[in-house]
Amino acid sequence: MLLIHCPYCDDTLPELEFAYAGEAHIARPADPSKLSDEEWRDFLFIRSNPRGLHAERWRHINGCGRFFNALRDTVSDRFLTTYPAGHPRPDVTKLEAAE
Amino acid sequence: MNAPVKSFDAVSVAVLPPVARLNLRIAPANLAVASAAFGLTLPTKIGQGVAKKGHAAWCLGPDEWLLHAPEADQAAIVADFTAARVKAPHSLTVISDREFTIAITGPRAQEFLSVACPLDLSRMAPGTAKRTLFDTAQVVLIRDADDAFRIEVWRSFFPHVSDLLDIALREFACGL
Ligand SMILES: [Zn+2]
């Protein structure tokens, strides 16, 4: 089982307490009616789906209830870090240098 | 409802009598208003609990608290919070009838809970509480002492959780 660190609880807890919630840092367009159909489709459905590092949303649904973001390697399933919702994506080179 | 106490030497399981339960959501900056209304300094760290004169509170999330008090005090508490609403907006929901509390006590209580609780309970300090899972049911787990826990479970999940505890108790009693 994966262990995930909740930045609000400041505790590392079993994956069972968490729910995955898709790619992070996707901002809703300020004025959707100005978008073309293609742009709206891209916002709704097109995701980066990388092989490797992925910034993604998780929710501590069976815990504090909060959404937060995580950087996870989609190949190894390793979590590099988690951070509160609304914070920018952390600089990966710094994280790796710190290890 | 008081189900019969079921126990053997190492673990006892009992459904506790009713209690006033309230769920509080308030901005942390306004917490002092809630503390004054409830008559207890509410904890600010998730997991932390405090208790005084029959009132108890645990912080479950960044802006969420679980409150316990004697049943007879419930109406007064709701009235006090209603009066405090002019000072600080908040939501106070009475959840007394939504849940049952099951007490699990005894020297092997921690080991017993591991049948369906995914947490590393050796890291859970007495006096703390957290929302978690018991098998597939969402519960609030309270640790009162090294050998004393409470599970707060929604009524609709109660038969499932209760059956699991029964099975585990029989397994423990016959030495499995
Ligand atoms: Zn959390």
Side-chain angles (χ1 to χ4, degrees), chain A residues 1-28 54-91 94-95 98-99, chain B residues 23-28 31 42-49 57-66 90-91 93 95 99 110 113-125 127-143 151-154 156-157 160-161 164:
Chain A
M1 191 190 301
L2 292 171
L3 294 173
I4 301 175
H5 185 86
C6 173
Y8 294 100
C9 294
D10 193 22
D11 202 359
T12 303
L13 297 158
E15 180 192 356
L16 284 174
E17 289 194 357
F18 298 85
Y20 179 71
E23 188 169 354
H25 304 298
I26 293 172
R28 184 180 169 84
H54 187 224
E56 56 196 22
R57 299 165 78 224
W58 283 81
R59 186 179 180 201
H60 193 189
I61 186 164
N62 295 301
C64 67
R66 282 302 166 105
F67 282 91
F68 59 91
N69 294 332
L71 278 182
R72 179 179 61 95
D73 190 312
T74 58
V75 178
S76 65
D77 244 357
R78 190 168 76 98
F79 281 81
L80 264 80
T81 188
T82 56
Y83 50 103
H87 286 216
R89 179 176 172 147
D91 187 343
K94 274 188 207 148
L95 285 173
E99 281 186 4
Chain B
N23 183 280
L24 171 70
R25 305 290 304 267
I26 189 167
L31 194 59
L42 298 177
T44 50
K45 192 172 177 296
I46 296 175
Q48 236 173 20
W58 296 271
C59 182
L60 296 183
D63 57 8
E64 181 180 4
W65 286 263
L66 170 68
H90 64 266
S91 126
T93 311
I95 54 169
E99 288 158 38
Q110 178 181 311
L113 281 173
S114 70
V115 296
C117 177
L119 295 175
D120 178 0
L121 292 172
S122 65
R123 295 198 299 132
M124 187 177 189
T128 63
K130 80 181 292 304
R131 196 183 282 120
T132 185
L133 286 174
F134 193 82
D135 194 49
T136 52
Q138 192 180 83
V139 301
V140 174
L141 180 67
I142 302 168
R143 184 167 206 167
I151 293 177
E152 298 227 304
V153 56
W154 288 33
S156 50
F157 300 146
H160 178 63
V161 169
L164 276 176

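Side chains included, hydrogens not; waters and symmetry mates left out as well; all remaining heavy atoms used. Each chain gets a letter, A, B and so on, in the order its sequence line appears, and its residues count up from 1.
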Practice task
Let me know if B:Leu119 has heavy atoms under 4.5 Å from chain A in its side chain, its backbone, both or neither.
Solution key: both

Problem - Top contributor to chain A interface from B:Arg123, B:Lys45, B:Arg131 [non-hydrogen pairs under 4.5 Å] - result: B:Arg131

Handout entry: Contacting region of A:Leu13 [heavy-atom separation from chain B under 4.5 Å]
Key = side chain

Exercise for the section: Can you tell which part of A:Asp11 gets under 4.5 Å to a heavy atom of chain B, answering side chain, backbone, both or neither? Expected result: side chain

Practice task
Any salt bridge (Lys or Arg N to Asp or Glu O under 4.0 Å) involving residues 13-27 of chain A? Give me the pairs, sequence neighbours left out, ordered by first then second residue.
Solution key: A:Glu17-B:Lys130

Fill in the blank from the handout: Of B:Asp120, B:Asp63, B:Leu133, the largest count of non-hydrogen pairs under 4.5 angstrom with chain A goes to B:Leu133

Problem - Nearest non-hydrogen partners of B:Gln138 and A:Asn62, listed with the distance - result: NE2-OD1, 2.7 Å

Problem - For B:Pro62 against A:Arg66, the heavy-atom pair lying closest together - result: CG-CG, 3.6 Å

